[in-house]
Every structure is written in structure tokens, then in C-alpha cells.
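Written below as C-alpha cells is the structure these notes are about.
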Number of protein chains: 2
Amino acid sequence: MPPASKAKSKKTKKKAATAARRSVEATARSHERTRSDHAREIAEDYVELIDDLIAECGEARAVDMAKRLGVTQVTVTKTIERLKKDGWVTSEPYRSVFLTDKGKELADYVRARHEMVLEFLLKLGVPRADAEADAEGIEHHISPRTLAAMKRYVEG
Amino acid sequence: MPPASKAKSKKTKKKAATAARRSVEATARSHERTRSDHAREIAEDYVELIDDLIAECGEARAVDMAKRLGVTQVTVTKTIERLKKDGWVTSEPYRSVFLTDKGKELADYVRARHEMVLEFLLKLGVPRADAEADAEGIEHHISPRTLAAMKRYVEG
DNA sequence: AGATAATTTTAGCACAAGCTATATTTTGTA
DNA sequence: TACAAAATATAGCTTGTGCTAAAATTATCT
Ligand SMILES: [Mn+2]
Ligand SMILES: [Mn+2]
Ligand SMILES: [Mn+2]
Ligand SMILES: [Mn+2]
């Protein structure tokens with residue numbers, strides 16, 4: 001038994017602070033939203049990249065995805081299996097990857113959002129290199145209402 | 001062997017598009033930055049939360065962290081072990097959690113950044129509920145330069 | 001066509017982050 | 001002080017995302 005000694009009887013000791021705080025439940029919901037954003041994030045980056053590669057190179061190969069993502073080709077191939085299972089892409093053994101209709105739809109939304117976030121950061125005065133790096137992470141946590149606010153700022 | 005048929009001989013077929021694109025290497029570096037942000041993200045949320053709980057409740061208990069994070073107490077306890085290993089916190093069996101100096105420093109930086117991101121979104125016109133949810137994810141991908149730009153916008 | 005190069009697959013590993021169920025310990029109260 | 005409730009720890013599982021090494025397949029070039 002380690003010595004306790006600190007913090008004397010804090011049963012009803014919660015809340016002595018003044019500033020009104022969000023409810024515990026609301027805080028939990030925000031963290032849950034962030035976790036679900038993360039669960040979707042790789043699918044979003046992959047479909048956007050696949051769509052880019054098809055447009056630029058005529059097809060999306062694992063080796064090219066790996067180069068742009070900074071991971072090994074093995075990682076790409078395994079992830080593609082999951083994306084297939086979830087209905088975002090199709091592919092045959094030893095062949096390149098294609099988007100399903102659902103995948104193409106996601107790619108279109110995700111690219112538009114990504115471009116908007118980048119334009120927004122640039123207009124805000126963030127240097128291009130930082131803006132591009134930050135946008136890659138930020139994009140996945142932008143709700144429709146935040147996206148709308150960014151659009152107003154960029155266009156207005 | 002599945003029928004290929006599509007995309008005829010694309011060896012040197014790369015780049016027919018017009019718009020200048022970032023280099024493959026720069027794209028990879030952005031994705032790598034995002035992945036390292038994610039690796040740090042849980043440590044950031046935990047130290048901020050631990051600091052909050054100590055201020056509000058006098059101590060940081062796993063059960064309260066679990067409620068605010070929306071995960072089970074088991075998950076919290078296991079994560080705390082990792083944070084301990086990485087030098088952010090200390091704790092004894094069956095006792096609450098404390099921040100190391102390094103942990104307190106991180107908490108201070110992270111809270112200031114989180115608050116700035118939230119204020120920024122609010123000033124941009126994002127409804128409070130969305131701003132709070134989005135900020136929870138966005139905060140971890142904000143570079144110092146983007147933070148500075150947000151500060152200028154909020155204060156200016 | 002055959003050799004070689006490039007690409008993809010397979011096998012096997014590691015770690016982070018989540019979970020449920022159950023045991024143990026601490027804490028509050030009768 | 002003992003009992004009950006609350007909190008924490010332990011055991012064991014799943015999934016996602018990364019890796020290296022080696023085998024299999026496809027593509028290119030002479
Ligand atoms: Mn993107
Ligand atoms: Mn991204
Ligand atoms: Mn957060
Ligand atoms: Mn994130």
C-alpha cells in the first residue's frame with residue numbers, strides 16, 4: 001500500500017472552479033467524434049490519392065501510392081484489402097486499384113474539402129509549406145459547418 | 001490471370017496533367033507529419049485532461065478521465081502506463097495520476113493551443129457545438145505558424 | 001523467347017488503442 | 001470495525017496500421 005496522504009476527502013469536492021465548463025458528456029462526445037474521424041481518415045486519404053493517380057497516371061498502383069504516402073507497398077496492399085471490404089475500392093490480384101461509385105463520391109467530397117482547407121490557410125497567411133502539411137491532418141476533422149465558415153472567409 | 005485490357009502501356013505515361021503539383025516527396029512528408037501528430041495526440045489530450053482534473057477536482061482519477069474521454073477505465077489505465085513510460089506522468093497503484101514537469105509543460109502548451117483554436121473557430125462564425133467538437137481533433141495538427149496566424153485573426 | 005527488373009503477395013512480427021469479464025484494493029458508511 | 005460500494009488492476013481478446021524478408025507474378029528489354 002503506497003502512502004496516500006495527499007488530497008483529503010474529495011467525495012463532494014468536485015467543482016470549486018468558477019468558469020462554466022462543458023458537460024462531461026459533451027466532452028466525451030467530442031472525443032468520440034475525433035476517434036471516428038480517425039477511423040475514416042485513411043479511407044479518405046486513399047480514395048483521394050487513388051483518384052489523383054488515375055487522373056495523372058492513368059491508373060493507381062500500390063507502389064505509387066506507397067511513395068506518396070511515405071509507407072511501404074506492403075502497408076498499402078493490406079490497407080487496400082480493408083478498403084475493398086468496406087466498399088470503397090475494387091482490385092484484382094497484381095492489378096491496379098479502382099474506385100467504386102461510393103469511393104468516387106467520397107473522393108470528390110474529400111478533395112473539395114482538402115482544397116478548401118488549404119486555400120483557407122493560405123488566405124489566413126500561413127506559409128505554403130506549413131499550410132500544406134497542416135491541411136493533410138486538419139481536413140479530416142472539419143465538419144460541414146466549419147467548412148462553410150471557411151468557404152465564406154475565402155470567398156468573402 | 002484477370003483480364004487487364006485497360007490502360008495501354010503506361011511506362012512513361014506519367015504526367016500529362018497541366019497544373020503544377022507538389023513533389024511526391026513533399027506529399028509523403030505531409031502524411032508523415034500527420035502520422036506523427038496522431039502518435040502524439042493521445043498524450044496531448046491526456047495531459048491536458050489530467051491538468052484540468054487536478055485543477056477542478058483536486059486530483060486526476062482514471063474513472064473521471066474515462067468519463068470525459070468516452071472510453072472505459074481499463075483503456076485509461078493502460079494508456080497511463082504508456083504515458084508513464086514516456087515520462088509524461090507518474091502514478092502509484094490504486095492512486096491518482098500526476099504530471100511530471102515535462103507533462104505539465106506539454107499540458108500548458110496544449111491547453112493554450114486548444115483554447116486558441118476554439119476561439120478562432122468561434123470568431124470565424126462556427127456554431128459553438130461544432131467548434132468544440134472540431135477543435136478536439138484539429139488542435140493536434142496545428143503547427144506554430146498556423147497557430148500564429150489564428151492568433152493574429154482572433155486578436156486583430 | 002528468355003533473362004532481368006519491377007511489382008505484388010505472403011508470412012510473420014510489433015505496437016497502440018479499444019473492449020469485456022473478473023479479481024483485487026481502497027473508500028465510505030452503517 | 002465490518003460491510004458494501006467504488007475504483008483499480010489483470011487477463012485475454014480484437015482491429016488497425018506499420019514494418020522486413022522472401023516468394024510469386026507481371027512487365028520490360030535485348
Ligand atoms: Mn486529403
Ligand atoms: Mn489527409
Ligand atoms: Mn484533442
Ligand atoms: Mn487527427
Side-chain angles (χ1 to χ4, degrees), chain A residues 1-14 28 31-32 34-46 53 57-67 69-86 88-89 91-97 140, chain B residues 1-14 28 31-32 34-46 53 57-67 69-86 88-89 91-97 140:
Chain A
M1 175 186 118
S5 71
K6 295 290 181 55
K8 55 284 163 197
S9 82
K10 51 283 185 220
K11 179 189 150 196
T12 34
K13 209 263 194 67
K14 319 249 156 164
H31 284 288
E32 281 156 9
T34 300
R35 286 195 297 272
S36 80
D37 287 346
H38 284 154
R40 212 185 160 70
E41 174 160 345
I42 286 207
E44 294 181 342
D45 283 335
Y46 270 66
L53 286 170
C57 308
E59 65 177 349
R61 313 229 51 148
V63 71
D64 293 314
M65 300 204 243
K67 272 181 205 131
L69 292 168
V71 299
T72 65
Q73 162 269 322
V74 178
T75 296
V76 168
T77 300
K78 197 191 289 187
T79 300
I80 292 296
E81 283 311 302
R82 188 173 64 78
L83 298 186
K84 232 151 87 170
K85 181 170 65 58
D86 293 345
W88 303 113
V89 308
S91 80
E92 299 295 328
Y94 291 99
R95 298 262 88 98
S96 60
V97 182
H140 310 282
Chain B
M1 174 186 119
S5 70
K6 295 288 180 56
K8 55 284 164 199
S9 82
K10 48 288 186 217
K11 178 190 151 197
T12 34
K13 209 261 194 68
K14 319 252 158 161
H31 283 290
E32 281 157 9
T34 300
R35 286 195 296 274
S36 81
D37 288 346
H38 285 153
R40 209 185 163 71
E41 174 159 347
I42 287 208
E44 293 182 343
D45 283 335
Y46 270 66
L53 285 171
C57 307
E59 64 177 351
R61 313 230 50 149
V63 72
D64 293 314
M65 297 197 237
K67 273 182 204 130
L69 292 168
V71 299
T72 66
Q73 161 269 319
V74 179
T75 297
V76 169
T77 300
K78 197 191 289 187
T79 300
I80 292 297
E81 283 310 302
R82 189 173 65 77
L83 298 186
K84 231 151 88 170
K85 182 171 63 61
D86 293 344
W88 303 113
V89 307
S91 80
E92 300 295 327
Y94 292 99
R95 300 262 90 98
S96 59
V97 182
H140 310 282

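Reminder, nothing fancy here: chain letters follow the sequence lines and each chain counts from 1.
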* Asked: What is the distance from CD of A/E32 to C1' of C/dA17, rounded to the nearest Å?
  -> 14 Å
* To do: Write down the distance between CG (A/D86) and P (D/dG16), rounded to a whole number of angstrom.
  => 7 Å
* To do: Return the value, rounded to whole Å, for the distance between atom CZ of A/R40 and atom C1' of D/dT17.
  => 18 Å
* To do: With the side chain counted from C-beta on, respond yes when A/D45 and A/H140 share a heavy-atom pair under 4.5 Å apart, and no when they do not.
  => yes
* Structure fact -> Assign each of A/V71 and A/Y94 the nucleotide of DNA chain D bearing its closest heavy atom; nearer the 5' end lies the nucleotide of A/V71
* Report the distance from atom NZ of B/K84 to atom P of D/dA9, rounded to the nearest whole Å. => 8 Å
* To do: Let me know, please, whether A/S96 or B/T72 comes out on the 5' side of the other along DNA chain C by nearest nucleotide.
  => A/S96
* Atom-pair distance (CD1 on B/I42; P on C/dC15), nearest Å -> 17 Å
* Look at the side-chain N and O atoms of B/T77 and state whether any lies under 4.0 Å from the OP1 or OP2 oxygen of D/dA9. => yes
* Asked: Which heavy atom in B/L83 sits nearest to a heavy atom in B/Y46, and how many Å separate them?
  -> CD1-CB, 3.4 Å
* Asked: Does a donor on one side chain sit under 3.5 Å from an acceptor on the other, for B/E81 and B/T77?
  -> no
* Asked: Rounded to the nearest 0.5 Å, how far apart are CZ of A/R35 and CD1 of B/I42?
  -> 8.0 Å
* Give the rounded distance in Å between these two atoms: CZ of A/R82 and P of D/dT15. => 12 Å
* A/V74 side-chain proximity, nearest of C/dT8, D/dT20, D/dT17 -> D/dT20
* Check the distance between C/dC15's P and B/K78's NZ and give it to me in whole angstrom. => 13 Å
* Asked: Is the distance from OP1 or OP2 of D/dT17 to the nearest side-chain N or O of B/R35 less than 4.0 Å?
  -> no
* Asked: From C/dT20, D/dA27, D/dT8, pick the nucleotide closest to the side chain of A/R95?
  -> D/dA27
* Rounded distance in Å - NE2 (A/H38) to P (C/dG18) -> 11 Å
* How would you label the contact of B/T75 with the nucleic acid (heavy atoms, under 4.0 Å): base, sugar-phosphate, or nothing? -> base
* Asked: Minimum heavy-atom separation for B/V97 to B/S91, with atom names?
  -> CA-CB, 4.1 Å
* Asked: When you match B/K85 and A/S91 each to their closest nucleotide on DNA chain C, which lands nearer the 5' end?
  -> A/S91
